[in-house]
Each structure stands twice: as structure tokens, then as C-alpha cells.
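The block underneath contains the structure these notes are about, expressed in C-alpha cells.
So you know, we letter chains A, B, ... as the sequences are listed, proteins then strands, and number each from 1. Quick caveat, the model's predicted, so the values are computed rather than measured.
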Protein chains: 4
Amino acid sequence: MATFAFGKRRVYYEDMGKGEPLLVLNGIFMSCASWEAFVPSFAAKNRLILVDFLDQGKSGKMDGEYSLSTQADMVLALLEEIKLESVNLMGVSYGGEVAMKAAARCPDKVKKLILSNTAAYTSKWLRDIGRSWDDACRSHDGRQFFKTCIPIVYSPRFYEKHYTWVAAREDLFVTHFTPEVYDAFGRLIRSAETHDERGNLSAIASPTLVISSEYDFVTPPYQQKELAEAIPNASHVTVQNAGHAVMYEKPAEFVSLVLGFVGSDLDIRVVS
Amino acid sequence: MATFAFGKRRVYYEDMGKGEPLLVLNGIFMSCASWEAFVPSFAAKNRLILVDFLDQGKSGKMDGEYSLSTQADMVLALLEEIKLESVNLMGVSYGGEVAMKAAARCPDKVKKLILSNTAAYTSKWLRDIGRSWDDACRSHDGRQFFKTCIPIVYSPRFYEKHYTWVAAREDLFVTHFTPEVYDAFGRLIRSAETHDERGNLSAIASPTLVISSEYDFVTPPYQQKELAEAIPNASHVTVQNAGHAVMYEKPAEFVSLVLGFVGSDLDIRVVS
Amino acid sequence: MATFAFGKRRVYYEDMGKGEPLLVLNGIFMSCASWEAFVPSFAAKNRLILVDFLDQGKSGKMDGEYSLSTQADMVLALLEEIKLESVNLMGVSYGGEVAMKAAARCPDKVKKLILSNTAAYTSKWLRDIGRSWDDACRSHDGRQFFKTCIPIVYSPRFYEKHYTWVAAREDLFVTHFTPEVYDAFGRLIRSAETHDERGNLSAIASPTLVISSEYDFVTPPYQQKELAEAIPNASHVTVQNAGHAVMYEKPAEFVSLVLGFVGSDLDIRVVS
Amino acid sequence: MATFAFGKRRVYYEDMGKGEPLLVLNGIFMSCASWEAFVPSFAAKNRLILVDFLDQGKSGKMDGEYSLSTQADMVLALLEEIKLESVNLMGVSYGGEVAMKAAARCPDKVKKLILSNTAAYTSKWLRDIGRSWDDACRSHDGRQFFKTCIPIVYSPRFYEKHYTWVAAREDLFVTHFTPEVYDAFGRLIRSAETHDERGNLSAIASPTLVISSEYDFVTPPYQQKELAEAIPNASHVTVQNAGHAVMYEKPAEFVSLVLGFVGSDLDIRVVS
């Protein structure tokens with residue numbers, strides 16, 4: 001648990017464990033706290049760095065608009081702060097968008113890249129879904145926010161099966177999120193509106209794992225297939241029977257995919 | 001263009017053409033007018049009956065809550081009104097839910113059944129998505145309504161490629177929809193909350209065609225696979241590269257699927 | 001039941017019914033007789049023309065090697081013979097390869113084109129599978145032929161569920177196929193080795209329906225997606241829960257897809 | 001490199017590295033040598049045990065028919081031989097069938113189970129494909145064997161892209177495989193004819209990873225979905241753009257999936 005200064009804001013991060021470093025970038029409505037259950041696994045044999053984006057969790061709130069480029073700058077500043085020449089970088093959804101931007105800009109700083117359920121660019125379709133989320137945030141109404149933004153990130157089967165847990169999360173959102181949090185969510189959403197990394201993906205030099213899930217309706221598998229095809233050295237794996245929030249729905253699969261990719265010698269020549 | 005009395009309301013319908021009768025049940029934000037471009041094809045060799053559900057298009061507005069059962073009653077009353085012993089019944093999304101209910105209740109009145117992009121029941125997941133739509137309707141704000149309810153019913157590729165058309169529809173919604181229309185949409189959405197026809201599907205006796213589409217994120221293909229498996233004599237076909245609103249995205253495919261199924265002798269014995 | 005002279009051979013064809021003409025091109029191990037159960041449906045409202053390819057069914061046997069181009073010439077000669085300016089052309093697998101070649105060469109002679117479970121070109125993979133089939137044909141052993149060539153064209157579920165029918169077909173093959181038939185099968189297989197129509201698909205002017213099936217392991221759905229993308233005006237529909245031999249596994253779906261596409265006015269403008 | 005006595009035969013195995021033990025069971029036409037390129041990765045942080053099945057590689061040849069049960073007995077005997085109370089067990093295709101049998105019979109001996117591209121039972125469809133392979137083995141003709149058995153285990157794209165490598169393998173088969181090897185292949189194929197573990201899958205107690213691949217036409221993904229659903233604690237992941245022989249087509253993905261699953265603490269409670 002630490003912070004560092006990025007421009008006028010404090011950025012909150014956590015730096016735990018020892019071994020190959022793994023830096024995790026959150027999805028949009030997440031924070032470091034979201035990974036609590038994963039820390040024992042992720043930090044068992046790795047140095048694990050969690051970080052709250054600007055406008056997220058315990059990091060400072062912004063007072064105007066910005067873009068993913070600012071978040072990528074922050075990530076690169078964090079690497080300097082913790083004195084890492086390079087790192088294994090994993091990003092989920094929004095975090096994946098920042099991760100691919102950082103990896104394309106500074107290929108030498110990313111050892112391996114893992115992109116889970118993320119998009120190469122914000123299509124008009126995704127932009128307009130984002131705008132409905134932004135509307136819901138503006139309402140400062142936790143239940144409206146939840147209904148508008150959350151069901152779609154889960155697979156229908158999971159949502160139904162674990163509805164008690166889902167409902168408890170809704171209550172948590174309603175209780176804990178202040179107007180300032182919703183306003184910050186709104187800015188985060190808008191910061192991704194102009195995201196378009198398609199022209200830069202060929203600059204990514206790291207071995208890359210694209211994780212998609214069968215029932216991801218926000219960043220559907222076929223788009224991640226296109227993403228994997230555009231990155232020079234990318235693998236593509238699909239988790240069955242899971243939605244966009246795959247790390248919550250299938251945590252064991254998620255952890256084993258990430259740690260297996262980070263921890264293994266992947267330089268295997270079967271076919272010359 | 002005609003109406004008939006159903007309880008205290010007038011129900012609007014259109015009855016055109018000659019031949020095997022085809023009764024079409026609309027999706028939730030549609031009306032008879034939505035089928036304008038399809039009428040020449042559908043009515044070329046068939047008697048085509050379009051109808052606005054209660055709370056939809058030119059039919060009467062309701063003044064309280066109801067369920068899909070009421071809409072199914074209306075459909076059966078329409079058959080009596082136009083003196084059809086039985087009919088080929090096609091329903092899209094919400095219309096498909098009403099269609100399967102009518103077909104399960106009165107198997108002898110449905111010659112062939114076509115269910116396009118519809119659900120056997122309203123899961124908690126679909127219910128909560130519906131509630132976000134209901135919230136958007138309550139706002140009486142056309143742009144909020146559009147962003148919340150519409151992108152998800154199209155495939156991302158279609159939405160992006162035809163964004164000019166999409167944006168024109170948004171303007172149309174904003175201009176034409178009154179608070180009364182949004183309130184009616186809200187009641188329509190809520191009328192499907194308790195939909196659960198799973199226990200009755202085995203009573204459907206008609207040859208049934210389940211049409212799904214590759215990128216349907218509202219009633220995803222795997223759920224329609226389950227639907228097709230639960231109906232005794234069902235075929236299942238998927239339209240590639242289309243979303244939930246398949247009839248708009250792929251009208252030629254949609255028309256040929258519907259007319260081919262209605263018009264053909266399907267009693268072919270290859271395997272005894 | 002008639003024949004016409006094509007070079008030194010007689011070509012056998014059947015010409016039935018009245019209406020929009022539909023010319024059907026067989027898969028490789030089929031013949032006119034394979035469509036017996038489909039004739040009542042196909043010929044109910046259409047003029048139906050069936051034809052045995054050279055080296056197939058009751059058409060003449062060849063005495064050396066040839067290519068698909070020869071079969072396409074034969075199809076165009078048949079159109080002249082029966083005095084059809086243009087025709088709706090449907091081809092299954094091998095027949096689809098000939099159909100796309102004819103449609104690309106003479107776009108004005110094909111009103112609508114239907115390609116079921118077929119390939120844009122013979123990849124080395126498909127060529128080598130073909131060579132294993134050719135080996136099996138050379139054995140003149142019906143059971144070896146059947147085991148090598150037949151299971152893979154069905155979906156596992158269908159094959160298992162209808163094994164009695166499958167086994168009866170095996171017995172039929174063993175009983176009826178002479179060494180001459182197996183030699184002819186071998187030539188047919190080899191005639192497709194050099195098939196590559198990829199460069200010509202953009203010349204196809206007809207509205208085209210690509211039918212694929214979920215469990216087609218010979219010409220898998222993703223290849224037919226590529227085929228549909230390469231033809232200017234193509235629709236793509238997948239029959240669920242069926243294999244390569246979709247017309248046998250799902251005859252009702254197959255007939256309704258074909259007749260719906262042939263019989264419907266497809267010129268529907270929803271999106272301008 | 002070592003052997004142990006199993007009944008009248010010597011079984012060849014290799015025991016390398018230190019750490020969590022991983023026992024690998026080969027696919028049918030493989031041997032310990034097939035894993036050469038994988039050993040540095042697999043044995044880097046794990047004790048790696050490779051083994052040739054009876055009738056495979058350097059293990060003894062059988063002189064009559066047997067079933068998978070015999071191979072499972074051999075695997076359990078090997079565990080005793082190398083004094084392992086329990087092991088992480090990974091099996092590919094045929095090896096997966098033996099692995100699930102061993103895990104169902106002795107749940108306490110299998111710590112984690114990985115089943116790659118394998119079948120819960122030999123359907124009549126798979127049996128008959130196996131019989132065509134058996135026919136090809138009986139020919140003792142390397143080229144006929146290769147064409148009949150090999151293309152189908154690769155994805156078409158891989159086969160075409162790496163045809164030089166594929167052709168070199170064909171030459172290798174032709175040069176090195178003796179009639180005795182082909183006879184042994186035949187017995188291996190026949191030993192799986194009666195495989196049906198469906199009734200026992202619920203006895204598997206280990207955390208299990210089912211790996212399937214997008215273009216597996218021998219044990220298609222939908223069957224592995226059924227397999228994963230029948231095993232109490234199973235995860236299911238699909239490698240995109242690969243065929244049945246996924247470890248050759250996508251070695252990096254394969255290694256990272258296996259090592260991630262074996263090496264990670266999977267006991268993560270997100271949803272209670």
C-alpha cells in the first residue's frame with residue numbers, strides 16, 4: 001500500500017510478493033480491492049503490483065476530461081517509481097486498452113502482455129453503450145447504475161446462479177458509492193471514447209495472450225480474434241461458459257491462464 | 001388497416017394479400033409500420049396479418065400492469081375476429097414470447113411456428129436488463145432511451161457500418177415518441193418480467209423454426225439452442241454476422257427463412 | 001428422365017415440375033436418385049432439374065482425368081439443351097464447387113445461387129483427405145470405402161442416433177457399387193484437386209445463399225464464412241446440430257432454406 | 001530413461017526435473033520422443049514423467065487385443081514404481097481417455113487432471129473413423145496411413161501453412177515405421193473401441209482442466225463441453241485457431257495452460 005505523485009494527483013498502488021513482476025490494470029468499475037481473493041495466488045511466486053487508475057479507487061480524482069493516454073503515462077510513471085525496467089503487464093477490459101497502448105508505445109518495457117476481454121478500439125456501438133453507462137452515472141442512483149451497467153458484463157447463467165451474490169454487490173454499490181465516485185466513473189468511461197489502437201498493434205513486441213470468454217457481450221470473442229490477429233506474437237484462448245467479467249466468473253481458470261503465461265518458457269519450436 | 005375491440009381497447013391490425021396466412025408478432029419497440037419494407041415480400045404469395053400489441057403502435061394504451069398472457073389472449077381473439085381456424089405464426093423477440101405461449105396453449109391454432117431471437121423465459125439477467133430499459137423509459141428522454149436500449153440489439157459491425165441510418169432512427173425516436181409512448185414501452189417491458197414458458201414448450205405441436213443470429217447479445221444463440229431442444233418438432237438455424245434485430249440487419253435472409261418455412265412441404269423422410 | 005450428348009458421353013438428367021427453375025448439382029458420392037425424398041417438395045412449385053455429373057450415377061463414365069471445368073461446361077451445355085436462358089443454381093459440396101465456377105464464368109445465366117457446405121478452393125488439407133478417399137476407392141472394398149469416406153460427412157450425434165440407417169447404407173454401397181463405380185469416384189475426387197475459385201468469386205453477380213452446418217468437419221463453417229465474404233451479394237446461414245451432409249440430416253431445414261431463397265422477393269431496403 | 005516390468009512387458013518412461021510431479025500420457029500416434037521440444041518448459045520447475053503406452057514407442061509390443069483398462073493399470077503401476085502417492089496427470093486424446101479412467105478409479109492418486117482434446121466415450125462415429133485408421137494401418141503403407149489418419153488431426157490453416165513440416169513428417173513415418181509399428185497402432189486403436197467412461201466421470205475428484213481447440217474435428221469442442229459438464233470440478237478452455245493436435249499447433253498456449261493449471265493455487269473464492 002503506497003502512493004506516488006503523478007502530476008497533481010496521488011496514485012494508489014500495492015506492491016507485494018517476490019518473483020517475476022506482474023502489473024495488473026483494472027477494469028473500469030474495479031479497484032485494487034477487487035483483486036483481494038486473487039492476491040494469494042498471484043503473489044505466491046510473483047511480485048504483484050496492483051494500481052488504481054486515476055479517478056479509480058483510492059487514487060486521486062480528476063477535475064476534467066482526459067484520455068487513455070494519460071492513464072498509460074501514469075502506468076509508465078509507476079514503472080519508474082518502483083524501478084522496474086520491464087514488467088509482465090495484464091489488463092482487463094479498460095485496463096487492457098491502457099495495457100495495449102503502453103505496450104505499443106514502449107515495447108521494451110513489457111515482457112509479456114495479457115489482454116483479457118478488451119477492445120482494440122471503441123466502436124460507435126461500444127461508445128454508445130458507454131454513453132448509456134455515463135447517463136446512469138450522472139443519475140447518481142446506485143440501482144439505476146447497477147441495472148444499466150452490470151448485468152451485461154456477466155453471462156446470464158452466472159448471473160442467475162449467483163444472484164444472491166450479485167444482489168449483495170448491488171447493495172454494496174448503493175451503500176458505498178458517492179456522487180463523486182459516479183462522476184469519476186463517468187470520466188473514466190468518457191476517457192475511452194476516442195480509444196483506437198488498431199494502427200499501433202503491430203508495434204507490440206511482447207508475447208501476448210488474448211483471453212476472451214464465450215459469452216462476452218461487451219467485447220465479443222470475434223473482436224478479440226481480430227485483436228489477436230493484429231498483434232504479431234499473440235495467442236488466443238477462450239474461457240468457456242463465462243461472460244465479460246471472466247475473472248469473477250471463472251477465477252481459477254483466469255489465474256491459471258495468467259500465471260501459466262507469465263511463468264512458462266514459451267520459446268518452444270515444434271514446427272520450424 | 002382495421003381495428004377490433006379487445007376488452008376496453010381497440011387493437012390495430014393490417015390484413016393483406018392472399019394465400020397461406022402468416023401472422024406476425026412484433027418486437028417490443030416495433031409496430032406494424034416497422035414491417036413496411038417487408039410487406040411486398042411477405043404478402044406476395046401469402047395472406048399477411050400484422051398487429052400492434054396492446055400498448056404498441058396504433059393499438060390502445062393500457063392503464064395498468066398486465067402480463068404476456070393478456071397479449072396472447074389478444075392474439076387468439078384476433079384469430080377469431082378474422083375468422084382463421086389456424087395460422088402460421090411468426091414472432092420476433094417479445095413477439096416470439098407471446099407466440100410460443102399461444103402455440104403451447106392452443107396447438108391446433110398454429111400451423112407452423114417461427115420464433116426469431118426470443119427467450120423461453122425471462123431470466124433474472126434479462127429481467128434486470130429490462131429494468132434498465134424501464135428506467136430509461138421513465139426518463140422520457142429519447143436520447144437516453146436510445147443509448148440504453150438500442151445499441152445492444154444490433155451487432156457492432158452493423159451499427160458502425162450503418163451509423164447514419166442508426167442516428168436517423170435516434171432522431172426519429174426523439175422527435176416522435178411522446179411520454180405516453182415511453183410509459184407504454186415501460187408497461188410492455190414489465191409485462192414480460194414473469195415470462196416463463198419452459199414448462200409448456202413440450203405442448204407445442206407445430207413444426208417450429210427457431211431463428212437465431214450469431215451476434216445476438218440479448219437472447220444469445222445458446223439459449224435459443226436450448227429453446228429449440230425443448231420444442232418437440234423444432235429446427236434451428238443461425239443467421240451469420242447479425243445481431244438481435246436480425247430482420248433489420250439481414251432482411252433478405254429473414255424473409256427467405258420465414259417464407260421458405262411457411263411455404264414448403266417439410267414432410268420429407270430421408271432417414272426412417 | 002432424359003439424356004443429352006456431351007462430347008462422347010451421355011449425361012443423365014431429370015426435368016420435372018413447373019415454375020421458377022431450380023437446377024441441383026450433386027455432392028460427390030450422390031446421384032439424382034439421392035434426391036428422391038426431396039422431389040415432392042422441390043418440384044411442388046418449381047421446375048426442378050436434377051443431373052448426374054460425368055462419372056456419376058447414370059451419366060457416362062470418363063476414361064481419363066479431367067477437372068471441375070469440364071463439369072461446369074457440362075452444366076452450361078445442359079442449360080442450352082433444356083433451353084433455359086438462366087436458372088436458380090444450387091450445389092452441394094462438390095456440386096457447389098462446380099456451381100460457383102459456372103456462376104463466376106457466366107453470371108448472367110445464374111439467377112440465384114445456393115452453395116451448401118462447399119469450398120472456395122481445395123486446400124492441401126482437403127486435397128490430402130481426398131487422397132485418402134481416393135486410396136479407399138482404389139481398394140474396391142465397400143466397407144473400407146465407407147469407413148474412410150462416410151463417418152466424417154455426418155455429425156457424430158446424427159451418425160450415432162441413426163446408426164441403423166447408416167449401416168443399411170453401408171450394406172447398400174457394398175452390394176451395389178462395382179469396381180467401375182469406385183474408379184469413377186476416384187476420378188471425381190481427383191477432378192477437384194486443383195479447384196481454386198478464390199480469384200473469381202468477385203465475378204459472381206447473383207444473390208447467393210451460403211448454407212453451412214454447425215458440425216461440418218469437411219468444409220468447416222469458418223471457411224464458408226470466408227466464402228460468403230468473398231462473394232459480393234452473399235447471405236450466410238448455419239443449420240445447427242448438423243454435419244456436412246446437411247440435406248440428409250436436416251431435410252426440412254434444407255428444403256425451406258433453398259425454396260425460401262429461390263422463391264422470395266429479396267429486394268428489401270430497410271437500411272438505405 | 002528407464003523401464004519397469006508390467007506383466008510380461010517392459011514399459012519405457014522418462015523421469016526428469018524436480019517439483020510438483022506432472023505425468024504426461026501420449027496421444028495414439030505419439031511417444032515420449034514427441035515431447036522433446038516441450039521438455040525444457042515442462043521440466044523447468046516440475047518433475048516431469050513421460051511414458052510410452054504398451055504398444056507405443058519404446059515400450060513392449062502386445063500380442064493380442066486389450067482395452068484402455070490395461071493401459072490405466074500400467075499408469076497406476078508406474079506411479080507405484082516411481083513411488084508417487086499422487087500426481088498431476090495430463091493426457092492428450094487417447095492419453096486423456098486413459099487419464100480420465102485412472103482418475104475416476106483412483107481419485108486420491110490424481111492431484112489435478114488435464115484432459116486435452118479427448119472423448120468421454122467412443123461413439124459409433126469415432127469408432128468407425130478409428131476403423132478406417134485401422135484399415136490404413138493394416139496396409140503397412142506409410143503414405144496411405146498418413147493421408148487417412150493425419151490431415152484430420154490438424155486444422156486446415158495450420159496444415160496448409162506448415163505443409164513443408166507436414167510433408168517431412170510423412171517422409172519420416174514412411175521411413176521409420178515398420179510393419180510391427182503399424183500392427184501396434186492397430187491394436188492401440190482397437191483398444192479404445194469400447195471406451196465409455198461417461199458413467200464414471202462423477203467420481204473424478206480432482207480439479208480438472210478440459211482443453212479443447214476451435215477446429216478439433218476428431219473430438220469436437222461441443223463434446224468436450226459435455227465432458228467438462230460431467231466432471232464435478234472442471235474448467236473448460238478453448239485454444240483458438242488450432243486443431244486436434246493442439247500441442248503441435250500451439251505449443252506455447254498448451255504449455256502455459258498446463259503449467260498454469262498445475263502450478264497455481266486455484267482455491268479462490270470470489271463468489272460464495
Side-chain angles (χ1 to χ4, degrees), chain A residues 119-139 141-167 169-170 189 196 213-224 226 240-244, chain B residues 119-139 141-167 169-170 189 196 213-224 226 240-244:
Chain A
Y121 80 112
T122 301
S123 68
K124 290 190 173 66
W125 181 85
L126 191 55
R127 181 200 67 186
D128 284 357
I129 288 176
R131 287 183 179 174
S132 78
W133 294 6
D134 194 15
D135 278 346
C137 290
R138 283 176 210 274
S139 77
D141 175 336
R143 302 216 178 272
Q144 183 176 335
F145 168 79
F146 197 89
K147 296 299 189 254
T148 305
C149 308
I150 302 302
I152 201 72
V153 307
Y154 293 104
S155 70
R157 278 202 199 102
F158 176 89
Y159 193 89
E160 183 122 314
K161 183 175 178 188
H162 298 289
Y163 190 72
T164 309
W165 176 80
V166 166
R169 278 179 78 79
E170 181 174 349
I189 293 165
D196 188 352
S213 34
E214 191 180 15
Y215 304 127
D216 183 342
F217 305 142
V218 179
T219 52
Y222 81 90
Q223 295 183 336
Q224 292 173 67
E226 292 170 2
Q240 298 298 114
N241 199 23
H244 184 65
Chain B
Y121 80 112
T122 302
S123 68
K124 289 189 173 67
W125 182 84
L126 191 55
R127 181 200 69 186
D128 284 357
I129 288 176
R131 287 184 179 173
S132 78
W133 295 5
D134 194 15
D135 278 344
C137 289
R138 284 177 210 274
S139 77
D141 174 335
R143 303 217 177 271
Q144 183 176 336
F145 168 80
F146 197 89
K147 295 299 188 254
T148 306
C149 308
I150 302 304
I152 201 73
V153 306
Y154 292 104
S155 70
R157 277 200 199 105
F158 176 88
Y159 193 89
E160 183 123 313
K161 183 174 178 188
H162 299 289
Y163 189 72
T164 309
W165 177 80
V166 166
R169 279 179 78 79
E170 181 173 348
I189 293 164
D196 189 353
S213 35
E214 191 179 16
Y215 304 127
D216 184 342
F217 305 142
V218 179
T219 53
Y222 81 91
Q223 294 183 336
Q224 293 174 66
E226 291 170 2
Q240 299 297 115
N241 200 21
H244 184 65

Measuring only between side-chain heavy atoms, which start at C-beta, is [X] closer than 4.5 Å to [Y]?
| X | Y | result |
| --- | --- | --- |
| B:H244 | B:I152 | no |
| B:V218 | B:V153 | yes |
| B:F146 | B:V166 | yes |

Heavy-atom contact with chain B under 4.5 Å, split by part of A:Y215: side chain

Residue part contacting chain B, namely of A:Y222, when any heavy atom lies under 4.5 Å: side chain

Give, for atom [atom1] of [X] and atom [atom2] of [Y], the distance between the pair rounded to the nearest 0.5 Å.
| X | Y | atom1 | atom2 | result |
| --- | --- | --- | --- | --- |
| A:L126 | A:I129 | CG | CD1 | 6.0 Å |
| B:F145 | B:I150 | CZ | CD1 | 5.0 Å |
| B:F158 | B:W165 | CZ | CH2 | 4.5 Å |
| A:D141 | A:T148 | CG | OG1 | 9.0 Å |

Chain B interface, residue from A:K124, A:Q144, A:R143, A:R127 that has the most non-hydrogen pairs under 4.5 Å: A:K124

Which bit of [X] is near chain A, if near means a heavy-atom gap under 4.5 Å: side chain, backbone, both or neither?
| X | answer |
| --- | --- |
| B:Q223 | side chain |
| B:P156 | both |
| B:F217 | both |

A:Y154 and A:Y159 aromatic ring geometry - parallel, tilted or perpendicular at 30°/60° bounds: tilted

Close approach to chain A in residues 130-137 of chain B, criterion heavy atom under 4.5 Å: B:R131, B:S132, B:D135

Residue pairs passing the salt bridge (Lys or Arg N to Asp or Glu O under 4.0 Å) test where at least one lies in residues 145-167 of chain B, sequence neighbours excluded: A:D128-B:K147, A:E226-B:R157, B:K147-B:E170

